[in-house]
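Have a look at the structure below, then the notes.
Just the heavy atoms: all of them, side chains too, but no hydrogens, waters or symmetry mates, feed the values below. Order of the sequence lines sets the chain letters (A, B, ...), proteins ahead of strands, with each chain counted from 1.
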Amino acid sequence: MNDLPTKYNFKEIDAKWADRWVKDNVFNAKADTKKAPYVITIPPPNVTGILHMGHALNNTLQDIIVRYKRMKGDEACWMVGTDHAGIATQNVVEKKLAQENKTRHDVGREEFLKEVWDWKEHHGSTIIRQLKALGASCDWPRERFTMDEGYSEAVKKVFIELYKKDLIYQGERIINWCPRCNTALSDEEAEHQEHQGTLTHIRYPFKDNPTKHVIVATTRPETMLGDTAVAVNPEDKRYKDCIGQTLILPLMNREIKIIADDFVDPEFGTGAVKVTPAHDPNDFGMGQRHNLEFINVMHEDGRINNNGGAFSGLDRFEARKKVVEKLKEDGFFEKVEDHTHAVGHCYRCDDIIEPYLSKQWFVKMEPLAGPAIDAVKTGKIKFHPARWEKTYMNWMENIRDWCISRQIWWGHRIPVWYDAEGNIFVAHDEDEAKAQAKEKHGKDVALRQDEDVLDTWFSSWLWPFATFGWPEKTDDLKTFYPGHALFTAPEIIFFWVARMIMAGYEFMGDLPFKDVYIHGTVRDAKGRKMSKSLGNSIDPLDIIEKYGADALRFSLIINSGQDLYISEEKFEIGRNFANKIWNASRLVMMNTEGVDTSTSLSDIAQNDLDLPDKWIISSLNTTIDKVSTAIESYRYSEAESLIYDFFWKNFCDWYLEIIKNRWDDPTTKQVARKVLEESLRIMHPFLPFVTEEVWQHLKEGNTLLCVDAWPQSNAKLIDQKIETEMATIFELIGSIRNIRAEWNIKPGEKIDCYVSTEEDKALLENNADLITSLARLGSITIEDKLSQTKNVASTVVGPIKCAIPLGDVIDVDKEKKRIEKQIADHTKQRTGIEKRLSNENFVAKAPADVIDKDKEKLKGLIDKIEKMQEVVNALKP
RNA sequence: GGGCGAUUAGCUCAGUUGGUAGAGCAUCUGACUUACAUUCAGAAGGUCAUAGGUUCGAUCCCUGUAUCGCCCACCA
């Protein structure tokens, strides 16, 4: 039991623990806990989702903090679940139907929804399984779905509440409409493609003087049939006098006014724009601002309707030709020129999308934004890195109303019913709506429910509290709201983060979380976003298979500064490190069998320890401190570097090498064993699988590491001086090894060292054994003055601490000059700082800690200069 | 067009309150040391994009320029 297998078999280990942790239910938080709760909520992945690198990064970050907090003794709850992802999911099922040559209209709404639910039952938990394989320590029994029963209640309640508060209204808006599919598309579904089109210039004559005209330009001439104004920039001198005058719309003979609007760019085209409020999003905006008439000239299938006069019945492209012909005939045509511009295409049938006027539901956002803005302004909610606050503020301060209705079937159906007269009844269900209608009409009337469903984000924005049972007043809600942190990608700050904050204040009266960590985007080695269509994505599941889940996690995090540029070799660092942990553990365990492990490091340190033991204990405690701080400050890659350096460089490369021939010393055994144990603890959040497996062997299966304690650092065990001294010794040994090779000194031979200060002399003398054994020398002699020989040595360590004579290599004069230059630099600094400290202005204004720091620096500089001066004085050629 | 970033070794990036530039890959040199070759010891490689400014001192703070990128809105 106490031995590790020779081979680190991550596949077996990963699978074993992923399974065991879930089975033992160790990640389930208790609502009736006495511990401090720590709560994060997962950005719910789409039910259609499969784990990609972005997920892997996002969830590893969350897992690190949640495992850390759990070990620290908090009641850690990582709320988990999936999002119904309206459009994405509907697409999957529609595609399936398409294979049978059917559309959703063929099967009908009810049957179609059954199909979607069916799909969800069979395929909806793929990503959950994958998260488990990644090692995510989510609160699995609490898993939710944004369309499960209770959650749907929450969504309805929110809609009704907002409606009652007059914060939800029905209004008109331009949406993307596909005339071929006969459906509305979201902005995400409209693919903009560069398109070689034309810009047709048309003359609009003045009513009072038909010989004069204004020229407008358009890419879609047929829309002129619905024009209700011409707009110019208010600052445009060419048109200043025309503002307010009346034009005659050609072909339709409608009187339209010239209006002034800032939207118009005087530089583009003629500086005059035809305004078609019903067929263009920008014109729609102008239409609202100027109270224009909205004339819809098109049927849903793209044919011109009766508002199009002589052109009614024509298809939109046919009409385009005919309109231009007629304009030419009637003398209103000015010219046509080529024009390349982006045109929206339907993602499904690739047909050109028509901006189309329709009725939609909206949420008034401005009243909700206030508390959410304050929360960030006052620092109650913090972004990490802080710069994202600017992005957030910029959006919040210019917030626009939120269009929440979607013309699809999969989702939360809008809880609105209409009677024959179009009266609106907002209710939880049809019965309640009927009751309302009965009250109004005094009798039973037939109602029909709104066909549309709600935007997916309208359920996601309730995630931090709806998952805990809201609107019921549950124990969960009481314990786990508000939460603590949110981890997500920058592109959904608006869609999701901002809205969750608003919902938190509106419905819970409190913020949903205190910290928002925004991580980078995962890209390929060339900087392109990873995507299926580009074929450049690296599948995290492949990496898990090939390198192990720990390797995936570790490598991702250590690369996670801003955006991550990933190629497969990047995962070697994690694989190598996990392998190193395995083998170092093996070495320690082979040599410490039967050792007493009940004594803590603090107690062991009560004994009179050797320098290397003291050093590794000090270094461990320093690392524990720094890693804890780094995790709590959301600096994960730094935390990993610290762990990596400590474990690999200090523990393995130096400490384990030093003690190689001292395994019979019981104290050393204890120290090595304990340091390994503590190292496993601090490495666990980052590499949970390998550390858990080693732990089981080390502890003979008595406890699980994932629910064991995070180590407490002991300030008494940290000795900065020892750490510096050891660094010096290591540097020296490195040099000696190098020189040995260079000068072909055989192992066991003698070498002379020269030091320049008493301190260094003592350091070397006290550790002569350590140095000779590690440098594989027979012995060293230490002379205390560099000046005693003319031909001093090649390698100088630090600011001339020690030199090794190996012939006529060093030039003492040169060495002297080098140090003198350093002294000069330091002196310059010194006078600079002195000058600053004697400046009354500075002393009066600067904060106390800045002045203290200056003073400290000054003291350090003076020390340094004095020491170096000594060295120079000693250097006599 | 609006907003926000980036520019440091051949590559990918650290560098947190301004004080003599760091890591990992890659390259080269050495080591077969019985935990690990997914190893160990070293070397080489940077006017910190550019031009100014503030400062005794700038990779760091301020301004301009260039190049690259992201988000939002998309131009009749």
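- Nucleotides A6(B) and A14(B), compared at atom C1', are 15 Å apart to the nearest Å.
- Using a 4.0 Å heavy-atom cutoff across all strands shown, R830(A) reaches no nucleic acid atom at all.
- Of all nucleotides present, only C28(B) satisfies the Watson-Crick or G-U wobble test against G42(B), with each distance under 3.5 Å.
- A58(B) sits 10 Å from G19(B) when the C1' atoms are compared, rounded to a whole Å.
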Could you check S628(A) against K626(A) for side chain to side chain donor-acceptor pair (under 3.5 Å), going step by step and ending with a plain yes or no?
CA-CA 5 Å; S628(A) 308; K626(A) 285 188 176 166; over 6 Å; no
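- For A278(A) against I295(A), the heavy-atom pair with the smallest separation is CB-O, 3.2 Å.
- Within the nucleic acid shown, E834(A) has no heavy atom closer than 4.0 Å to any nucleic acid atom.
- If you check every strand for non-hydrogen atoms under 4.0 Å, I558(A) touches nothing.
- Across the P atoms, U47(B) and G10(B) are found 8 Å apart, a figure rounded to whole Å.
- For G18(B), there is no paired base (Watson-Crick or G-U wobble, both distances below 3.5 Å).
- Looking at heavy-atom distances under 4.0 Å, T831(A) makes no contact with the nucleic acid at all.
- Distance L642(A) CG to G24(B) C1': 15 Å, rounded to the nearest Å.
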Restricting to nitrogen or oxygen on both sides, can you table the protein-nucleotides 31-37 of chain B pairs closer than 3.5 Å?
residue, atom, partner, partner atom, Å
A35(B), O3', R586(A), NH2, 3.4
A35(B), O2', N583(A), OD1, 2.7
A35(B), O2', R586(A), NH2, 2.9
A35(B), N6, E657(A), OE2, 3.3
A35(B), N3, N583(A), O, 3.2
A35(B), N3, A584(A), N, 3.4
C36(B), O4', N583(A), OD1, 3.2
C36(B), O4', N583(A), ND2, 3.4
C36(B), O2', N579(A), ND2, 3.2
C36(B), O2, K580(A), NZ, 2.8
C36(B), N3, K580(A), NZ, 2.9

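- Atom pair E568(A):CD and U38(B):P shows a separation of 16 Å (rounding to whole Å applied).
- The residue F494(A) sits close only to the backbone: its heavy atoms come under 4.0 Å of sugar-phosphate atoms, none of a base.
- Atom CG of L687(A) and atom P of U38(B) are 19 Å apart (whole Å).
- When the P atom is used for both U20(B) and C60(B), the distance is 14 Å, rounded to whole Å.
- I557(A) has its CD1 atom 15 Å from the C1' atom of C13(B), to the nearest Å.
- In this structure, CZ of R220(A) is placed 9 Å from C1' of A76(B), rounded to the nearest angstrom.
- With C75(B), G24(B), A76(B) as the choices, the nucleotide that has an atom nearest any side-chain atom of K649(A) turns out to be G24(B).
- Between F10(A) and F689(A), the gap from one ring centroid to the other reaches at least 6.0 Å.
- Place G832(A) and W654(A) on RNA chain B by their nearest nucleotides, and W654(A) ends up nearer the 5' end.
- Base-pair partner of C70(B): G3(B) (Watson-Crick or G-U wobble, both distances under 3.5 Å).
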Using a cut-off of 4.0 Å between protein heavy atoms and nucleotide atoms, how would you tag nucleotides 1-7 of chain B 5' to 3' with B, S and -?
--SSSS-
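- For Y8(A) and U38(B), the OH to P distance is 15 Å, given to the nearest whole Å.
- Using a 4.0 Å heavy-atom cutoff across all strands shown, Q829(A) reaches at least one base atom of the nucleic acid.
- Residue order along RNA chain B, read from the 5' end via each residue's closest nucleotide, puts P490(A) first among P490(A) and A272(A).
- Taking only side-chain atoms of N559(A), from C-beta outward, the nucleotide of U12(B), C72(B), C75(B) with the closest atom is U12(B).
- In this structure, U63(B) forms a base pair with A51(B), meeting either the Watson-Crick or the G-U wobble geometry with both donor-acceptor distances under 3.5 Å.
- Pair assignment for G57(B): none, as no Watson-Crick or G-U wobble contacts are both less than 3.5 Å.
- As a whole-Å value, the separation of Y392(A) OH from C70(B) C1' is 20 Å.
- Ranking U38(B), U16(B), C74(B) by closeness to the N576(A) side chain, first place goes to U38(B).
- In this entry the distance linking CE of M286(A) with C1' of A73(B) reads 14 Å, nearest Å.
- Here D283(A) lies out of heavy-atom contact (under 4.0 Å) with every strand.
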